Amino acid sequence: MSALPPESTSLQSLVGQRDPREPRNDYQNPFAKRLFLVIDSVPEMQRALAMTLASFGAEKVEYASKAADALAKMSRFEFDVVLCDYDLGNGYDGLYLFEEVKERNLIKQSCVFMIVTGERRAQRVISAAELGPDDYLLKPFTGEVLAGRLERAIRRREAFRAVDEAIMRHEYLAAIDTCSRKIAEKGEFALDFMKLKGSLALRIGDYDTARTLYMSVLRLKTVPWAKMGLAKSLTGLKQYDEARMLFEEVLAENDRVMEAYDWLAKLYRSNHALEAAQQTLQTATRLSPVVLRRQKQLAEVALLNKDLDTAESASRETLEIAKYTWHRHPIHYALLARVQLARGETGSATRTLASLRRDYRYNETGEWMATVVDSQIAQQSGNRQRAAQLLSEAEKGFDRLAEDLPPEAQMEFARTCYQQGRSDSGDRVMRDLVRNHHDDEALLSSMGDLFDEVGRGENGRQLIAENVQSLVELNNRAVREAQAGQLEAAIDRFLKAHEEMPANLQVMLNLVNAIMAYVHQNGWHESHMRRAQELLVRVREQAPTNNKFQKLLQAWRLLVEKFGRPQWMV
C-alpha cells in the first residue's frame with residue numbers, strides 16, 4: 001500500500017470507527033455471515049479495516065499482506081468480499097491481482113472485489129477499473145461509507161448466486177442458460193446478466209451468441225464494456241477491420257481501457273503490421289507497466305522489429321513481473337538471454353543463465369531450459385563442440401519432458417536446433433507442435449515467425465500446412481465412418497491419433513464423442529467409458545472453456561444419467 005497521506009495523523013483519519021460494542025441486529029445485517037478477505041501490505045491498515053468491519057457486524061475476516069498470500073487463500077476459501085489495496089508492492093497492483101483471480105476462476109461471480117486506493121491514484125484506478133472490479137474506495141473513508149458501498153455491491157452481486165455453482169464447476173453452458181432466464185425476467189439486474197452472458201459466451205468461443213448479445217446491449221445503451229465485447233466477438237469471427245475500428249473507438253473515448261490496447265496489438269501483429277503493434281504496446285506499457293503478458297508481447301514484437309533496446313527493456317520487465325506471479329517460468333529467462341545474444345552481449349546472457357540456474361535449482365524444467373540457453377551462448381561464443389554437446393543433452397531431456405513443456409519452451413529448443421544446423425530435430429519438434437495445436441492460430445503464427453527468423457520461412461509454412469491438413473483429413477475420415485455407423489472404426493482411428501498426438505484437444509474430444517455415440521447405439525461399455533471419462537477430466541484441467549468440451553460435458557451428464565451411473569459424472 002502507498003504511504004499514509006501527509007495530512008493523516010491517525011488510522012481513524014483513514015478509516016472511521018464506530019464502537020464495535022454497539023448492538024447490531026443480525027437480521028438486518030448483510031455482513032454477519034459473509035467471509036471477507038483484506039489484502040494490504042501495511043499491518044496497521046489491516047487492523048484498521050478489521051476494526052471497521054467488526055463495527056458493522058462482519059464476523060469472518062481473513063488477511064493477506066501480498067499477492068501470493070492472497071492467491072493462496074482464494075484457492076482455499078470461497079470469499080464473499082475482497083477488499084484489496086491498489087499498491088501491493090513489487091510493482092504489482094490490485095487490478096492485476098483481480099485480473100489474475102478471474103483468469104484462474106478463483107472467485108465466484110457473487111464475490112464483491114473492491115479496490116482501496118489513495119486520492120493520488122484515483123483517476124488511474126477509476127479508468128482502469130471501468131471493465132473490472134465492482135467498485136473502488138478512496139482513502140480516507142469512514143466506516144459508514146464502506147458499509148454503504150459494500151451493501152450496494154453485495155446486493156448487486158447477490159443476484160449472481162444463481163450462476164455461481166455452474167461457473168465454479170466450469171459448466172459455462174448451464175451458466176449461460178441461467179443468464180438468459182434472468183435477462184428474460186427483465187429484473188433490476190438484467191443488464192448485469194447481459195454483461196455476464198456476453199463474457200461467458202466469449203470465454204467458450206461462442207462468438208455468434210456474444211455478438212448478438214452485445215449488439216442488443218448497444219441498442220439499449222452505449223457502454224464501453226459492450227463495445228469491447230462486440231470488438232472481441234468480431235475478432236473471433238475474423239471480421240478484423242470492424243473489430244479494429246471498434247477497439248480504436250473505445251480508446252478514443254477512454255484511453256485507460258487497457259485491454260483494448262492488447263487486442264489492437266494482436267490484430268496489428270497478426271496482420272504483420274509490427275511497427276503499429278509495437279507503438280500500441282509501448283503506449284499501453286507507459287500507462288500500465290506491470291502487466292506481464294503486455295510486456296512479454298512488447299519484447300517479442302520489438303525483437304521481430306530489430307528494436308533490441310526496447311526488446312531488452314521489455315524482456316527484463318517481463319522477468320521481473322513474473323517473479324511475483326503464477327506466470328513465473330524459465331522461458332522468461334530464455335527470452336531475455338535471446339535478446340542479449342541478438343545484441344552480441346554474451347556476458348549479459350551468461351549472467352541471465354546464472355540467474356536461471358540459481359532460481360530453478362533442483363527444478364527439472366528449469367535445469368533443462370538452462371541447458372538450452374547454455375547451448376545458445378556456447379554457439380555464439382564460437383565453442384561449437386560444447387554447443388553441440390549441450391544440445392544433445394537438451395534433446396535427451398526434451399524427449400522426457402516434452403509432454404509437460406509449454407509450446408514456447410518447445411519452440412525455444414527447436415530454434416536452437418535450427419541455429420546449429422540440426423533441422424531434422426527442429427522439424428520434429430515443430431511438426432509435433434502443429435499436430436497437437438493445429439487449430440491454435442496465434443501459436444501457428446508465432447511458429448511462422450520462428451521459421452522466418454531461422455531462414456526456413458517457405459519450408460516452415462509447408463510443414464505447418466501439411467500437418468494441419470493431415471489432421472483435418474483424419475477427422476473427416478473418422479466422421480464419415482461414424483456417420484456410416486462404423487463407430488468402432490472411428491474409435492480406433494481416433495485412438496491411434498491420440499497415441500500420436502496426446503496433447504491434441506480436438507482429437508481427445510472427437511474420441512470422447514465417438515465413444516458416447518457407440519454407447520448410445522450399443523449400450524454401456526466399461527473400458528470405453530473409463531477412457532472417455534479420463535479424457536474429459538484432462539480436457540477440463542487444460543481447457544475448461546473449450547466450446548466443444550462444454551457441449552460434450554452436457555451430453556455426458558445426460559448419458560450417464562440415462563444408464564443410471566451417477567458415479568461417472570465429470
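All of these numbers come straight from a predicted model, not from anything done at the bench. What's counted below: heavy atoms across the whole structure, side chains too, no hydrogens, waters or symmetry copies.
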Inset, instruction - May I ask you to decide if Asp309's main-chain N or O and Ser313's side chain share a donor-acceptor pair within less than 3.5 Å? - result: no
Inset, instruction - Compare all side-chain heavy atoms of Leu196 with those of Val163 and state whether any distance is below 4.5 angstrom. - result: yes
Inset, instruction - Locate the shortest heavy-atom distance separating Asp262 from Arg294; write the atom from each residue and the value. - result: OD1-NE, 2.7 Å
Inset, instruction - May I ask you to say whether Lys232 pairs ionically with Glu259, meaning some side-chain N is under 4.0 Å from a carboxylate O? - result: yes
Legend entry - Inter-residue atom distance Leu106.CG - Glu78.CD, 0.5 Å rounding: 11.0 Å
Legend entry - For the student: nearest non-hydrogen atoms of Ala243 and Ala231, plus distance: CB-O, 3.4 Å
Inset, instruction - For residues Ser216 and Met194, report the shortest heavy-atom separation together with the two atoms involved. - result: OG-CE, 3.4 Å
Legend entry - Pair Lys227 + Glu253, salt bridge at N-O below 4.0 Å: yes
Inset, instruction - Quick one: closest heavy-atom pair of Gln278 and Ala302, and the distance? - result: OE1-CA, 3.4 Å
Legend entry - Carboxylate-amine/guanidinium proximity below 4.0 Å for Glu185 and Arg181: no
Legend entry - Under-4.0 Å salt bridge between Arg157 and Asp192: no
Legend entry - Considering all heavy atoms, the nearest Phe189-Ala159 contact: CD1-CB, 3.7 Å
Legend entry - Residues Met369, Ile331; criterion side chain to side chain contact (heavy atoms under 4.5 Å, CB included); working and verdict: CA-CA 7 Å; Met369 192 82 257; Ile331 192 63; 4.0 Å; yes
Legend entry - Close side-chain approach of Tyr207 and Leu202, heavy atoms under 4.5 Å: yes
Inset, instruction - Side-chain contact test, heavy atoms from C-beta onward, threshold under 4.5 Å: evaluate it for Tyr86 versus Val116 and give yes or no. - result: no
Legend entry - Student check: side-chain heavy atoms of Leu146 and Thr142 closer than 4.5 Å: no
Legend entry - Test item: Ser445 side-chain N/O and Glu441 main-chain N/O as donor-acceptor pair under 3.5 Å: no
Inset, instruction - Please indicate whether Glu242 has more than 12 foreign heavy atoms, meaning atoms of other residues, nucleotides or ligands, lying under 6.0 Å from its CD. - result: yes
Inset, instruction - Decide side chain to side chain contact (heavy atoms under 4.5 Å, CB included) for Leu53 and Leu83; before the verdict, give the C-alpha distance in whole Å, the side-chain angles of both, and the deciding distance to 0.1 Å. - result: CA-CA 11 Å; Leu53 291 170; Leu83 297 174; 4.1 Å; yes
Inset, instruction - Evaluate the side-chain proximity of Leu230 to Met215: yes if any heavy-atom separation is below 4.5 Å, no if none is. - result: yes
Legend entry - Residues Glu158, Arg34: salt bridge by 4.0 Å N-O rule: yes
Inset, instruction - Could you tell me whether the side chain of Gln410 and the main chain of Leu405 form a donor-acceptor pair under 3.5 Å? - result: yes
Legend entry - Spacing of CD1 belonging to Ile154 relative to CG belonging to Asp80, to within rounding of 0.5 Å: 7.5 Å
Inset, instruction - Give a yes or no on whether the backbone of Thr365 and the side-chain of Asn363 come within a donor-acceptor separation of less than 3.5 Å. - result: yes
Legend entry - Leu335/Glu412 under side chain to side chain contact (heavy atoms under 4.5 Å, CB included): CA gap, chis, key distance, verdict: CA-CA 9 Å; Leu335 174 60; Glu412 194 65 34; over 6 Å; no
Legend entry - Side chain to side chain, Tyr214 and Trp225, heavy atoms closer than 4.5 Å: yes
Legend entry - Thr318 side-chain N/O to Lys296 backbone N/O, donor-acceptor pair under 3.5 Å: yes
Inset, instruction - Please answer whether the main-chain N or O of Ser315 pairs with a side-chain N or O of Gln295 as donor and acceptor at a distance below 3.5 Å. - result: no
Inset, instruction - For salt bridge (Lys or Arg N to Asp or Glu O under 4.0 Å), just list the numbers for Glu248 and Arg244, CA-CA rounded to whole Å, side-chain angles, deciding distance to a tenth of an Å, and then say yes or no. - result: CA-CA 6 Å; Glu248 290 172 347; Arg244 177 181 51 77; 3.5 Å; yes
Inset, instruction - Please check if atom NZ in Lys266 has more than 12 non-hydrogen atoms from other residues, nucleotides or ligands closer than 6.0 Å. - result: yes
Inset, instruction - Look at the rings of Tyr333 and Tyr360 and say which category their plane angle falls in: under 30° parallel, 30 to 60° tilted, over 60° perpendicular. - result: perpendicular
Inset, instruction - Please find out if less than 6.0 Å separates the ring center of Phe247 from that of Tyr261. - result: no
Inset, instruction - Rounded to the nearest 0.5 Å, what's the gap from OG1 on Thr283 to CG on Asp255? Could you check? - result: 9.5 Å
Legend entry - Sidechain-backbone polar pair: Thr209 side chain, Asp206 backbone, donor-acceptor under 3.5 Å: no
Inset, instruction - Specify the closest pair of heavy atoms between Phe549 and Asn546, including all atoms of both residues, with the distance to one decimal. - result: N-OD1, 3.0 Å
Inset, instruction - Would you please test Arg155 and Glu188 for salt bridge (Lys or Arg N to Asp or Glu O under 4.0 Å) and show each step? - result: CA-CA 11 Å; Arg155 191 166 64 85; Glu188 179 184 1; 3.0 Å; yes
Legend entry - Check against side-chain hydrogen bond (donor to acceptor under 3.5 Å, both in side chains), Lys197 and Ser180: CA-CA 7 Å; Lys197 179 180 176 179; Ser180 297; 2.9 Å; yes
Legend entry - Trace of the side chain to side chain contact (heavy atoms under 4.5 Å, CB included) decision for Gln46 with Ser65: CA-CA 8 Å; Gln46 288 188 13; Ser65 59; 3.8 Å; yes
Legend entry - side-chain hydrogen bond (donor to acceptor under 3.5 Å, both in side chains) between Asp164 and Gln109, worked out: CA-CA 6 Å; Asp164 269 348; Gln109 288 298 315; over 6 Å; no
Legend entry - Arg203 side chain near Asn105 side chain, heavy-atom distance below 4.5 Å: yes
Legend entry - Euclidean distance, Met168 CE relative to Lys108 NZ, rounded to 0.5 Å: 8.0 Å
Inset, instruction - Give a yes or no on whether a salt bridge exists between Lys33 and Glu59, defined as a side-chain N under 4.0 angstrom from a carboxylate O. - result: yes
Legend entry - Pairwise side-chain contact, Ile107 with Phe79, heavy-atom cut-off 4.5 Å (strictly under): no
Legend entry - Main-chain N/O of Val42 paired to Asp40 side chain as donor or acceptor, under 3.5 Å: yes
Legend entry - Any donor-acceptor N/O pair, Asp85 side chain to Ile115 backbone, under 3.5 Å: no
Legend entry - Glu408 side, atom CD; Glu300 side, atom CD - distance, nearest 0.5 Å: 6.0 Å
Legend entry - Short N-O contact, Asp449 and Arg269, less than 4.0 angstrom: yes
Legend entry - Rounded distance [0.5 Å steps], CD in Gln340 versus CD in Glu312: 5.0 Å
Inset, instruction - Just say parallel, tilted or perpendicular for the rings of Phe31 and Phe36, cut-offs at 30° and 60°. - result: tilted
